[in-house]
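Report on one structure; see the data block that follows.
In what follows, chains carry the letters A, B, and so on, assigned in the order in which the sequence lines appear, proteins first and then strands, with residues in each chain numbered from 1.
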There are 2 protein chains.
Amino acid sequence: MKRLTTKQREILAYIARFMRKTGYPPTVREIGKHFGIAASSVFDHLKALEAKGALKKTEGKSRSLVVAKNTEDPEKRTALLGSTFRDDDTVKTIQIPLLGRVAAGLPMLAEENIEEMVTLPRQWVRAGKIFALRVQGDSMTGDGIYDGDCAIVRMQSEADNGDIVVAMLEDEATVKRFYKRGRSICLHAANEKYEDIISRNVKILGKVVGLFRNYA
Amino acid sequence: MKRLTTKQREILAYIARFMRKTGYPPTVREIGKHFGIAASSVFDHLKALEAKGALKKTEGKSRSLVVAKNTEDPEKRTALLGSTFRDDDTVKTIQIPLLGRVAAGLPMLAEENIEEMVTLPRQWVRAGKIFALRVQGDSMTGDGIYDGDCAIVRMQSEADNGDIVVAMLEDEATVKRFYKRGRSICLHAANEKYEDIISRNVKILGKVVGLFRNYA
DNA sequence: TTGACAACCTAACAAATGTTAGGTATATTT
DNA sequence: AAATATACCTAACATTTGTTAGGTTGTCAA
């Protein structure tokens, strides 16, 4: 599956959210109204999403949008490595919300921010309140965190020097490196394009404890 | 909830079935076509079903049918956001071998190469034979793949230009970018320290389809 | 026998909806 | 410099779709 643009991902997330909330998919115009764009613009996005395999729809039918699951055809996957694959109910998994663009004002875990629920083997995360965050922008490419990556975050309001944290910045959640500077806090981007942010009024949302990336 | 007639139950069942199959609810006329009755007749049934509390719909909106679940407890969902996680045994997972340093001579998936078995939500990988590989060295830092990262790889012996692949090189599996150069193959490291490797004798083991990283 | 209900019908309307056509503007890539 | 991709627009068209109005027929209880 080809890489999605930010806007495409936002629209896909909205469809999934709408679906979860109402029980049926939105119309082209309903999507458009939410984003403040015309129906035809939405239609363009839907075509792009379909071309990239992220969405399925039936021509001419209203609300026929289905967000493609990566688990597409269940038959094929039984072929996984022959014996090394199995269903396993002994393995504990957790369901955590994957947050997209975190909207200002809302509580972080509000429905609006949730792109989807992802399953994680408990194996991979330690105790704590865990959520995932879709990384926006290229401010951490120097540390190997790219736009579209899925950061796994443990909620905590404090951090140690050098930790990669999720912080509320300019009404949006961003991923940065954390350093104490006396009474202030320094948020450092691993990309020369961005300057350090030094402030006393930064809210730490959590610490990045893992990262997942999906290649096409 | 009042008792449903046979016909009403049939229609309700059809809606649920349609939903499960397509991912979105049917229209009045689609239901009608299935039962060989007129749209307005279906509409009567829908009104009855709604009056009896078995169905919810939004006036004027297409496909806005939602089968009411009597077993549903709305609390669970909100509780999920509060506690941020829960156990879920319904989610399918797969077990894949995590390979460490792949020793020369041995079949790739030989016991000797397996570091451990890791659990992956099936959600995250498409069909194919999947294994994980612990990345060695810094030859791909420019693409955000670091030493110690866990690459998720789909076995395949061919690749497209630009793919990140796992290839057998100097008796060891390495991660590189793949390019065709006529009859030769070019393996490109995303790190200036390393030079391109151009050869006709490169064995492709698979394509990197995902990446997992764990921060301390 | 009257009245409520279920289960259908035809015909039609207005609104909702997917879709197309033909743009503009701005990047990025070749 | 040309080509491609993204992200929007207005305007219009043709269906699709929910809904209403006004029927018919049959069943069942009061």
Per-nt protein contacts along nucleotides 20-30 of chain D (heavy atom under 4.0 Å; B base, S backbone sugar-phosphate only, - none) come out as BB---------

Between Tyr24(B) and Ser62(A), does any side-chain donor sit less than 3.5 Å from a side-chain acceptor?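 Side-chain D/A pair, Tyr24(B) to Ser62(A): absent.
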
Going by atom types alone, do Tyr179(B) and Asp163(B) pair a side-chain donor with an acceptor below 3.5 Å? no

Keeping [X] on the side-chain end and [Y] on the backbone end, is there a donor-acceptor pair under 3.5 Å?
X         : Y         : result
Glu50(A)  : Lys47(A)  : no
Arg177(A) : Gly162(A) : yes
Asn191(A) : Asp138(A) : yes

Taking atom [atom2] of [N] as reference, at what distance in whole Å does atom [atom1] of [X] sit?
X         : N       : atom1 : atom2 : value
Leu4(A)   : dA5(D)  : CG    : P     : 15 Å
Glu10(A)  : dT6(D)  : CD    : P     : 15 Å
Asn161(B) : dT30(C) : CG    : P     : 12 Å
Glu50(B)  : dA6(C)  : CD    : C1'   : 18 Å
Leu46(B)  : dT19(D) : CG    : C1'   : 11 Å
Lys7(A)   : dA7(D)  : NZ    : C1'   : 7 Å

Does a side-chain N or O from [X] land closer than 4.0 Å to OP1 or OP2 of [N], or not?
X        : N       : answer
His45(B) : dA7(C)  : yes
Ser62(B) : dT17(C) : yes
Lys61(A) : dT19(C) : no

Closest-nucleotide ordering on DNA chain C, the 5'-leading residue of Lys57(A) and Thr5(B): Thr5(B)

Just jot down the salt bridge (charged side-chain N to carboxylate O under 4.0 Å, His left out) partners of Asp196(A), sequence neighbours excluded, or say none.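 Asp196(A): no salt bridge (charged side-chain N to carboxylate O under 4.0 Å, His left out) contacts found.
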
Kindly determine whether Val118(A) and Ile96(A) satisfy side-chain contact (heavy atoms from CB on, under 4.5 Å), including the steps that lead there. CA-CA 5 Å; Val118(A) 299; Ile96(A) 64 175; 3.5 Å; yes

Let's see if you get this right: which residues in residues 24-36 of chain B place a heavy atom under 4.0 Å from DNA chain D?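 Those residues whose heavy atoms fall under 4.0 Å from DNA chain D, taken from residues 24-36 of chain B in numerical order, are Thr27(B), Val28(B), Arg29(B).
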
Sort by first number and list every stem of DNA chain D: at least 3 consecutive Watson-Crick or G-U wobble pairs, both distances under 3.5 Å. C:3-29 with D:2-28

Tyr146(A): partners by side chain to side chain contact (heavy atoms under 4.5 Å, CB included), with sequence neighbours left out: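 With sequence neighbours excluded, Tyr146(A) shows a side chain to side chain contact (heavy atoms under 4.5 Å, CB included) to Thr141(A), Asp149(A), Arg213(A), given in chain and number order.
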
The criterion is side chain to side chain contact (heavy atoms under 4.5 Å, CB included); which residues satisfy it with Ala48(B), sequence neighbours excluded? Gln8(B)

State whether Lys61(B) and Glu30(A) are salt-bridged, where the test is any N-O pair (Lys NZ or Arg NE/NH1/NH2 against Asp/Glu carboxylate O) under 4.0 Å. yes

Angle between ring planes, Tyr14(A) versus Phe35(A), binned at 30° and 60°: parallel, tilted or perpendicular?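 Perpendicular, since the angle between the ring planes exceeds 60°.
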
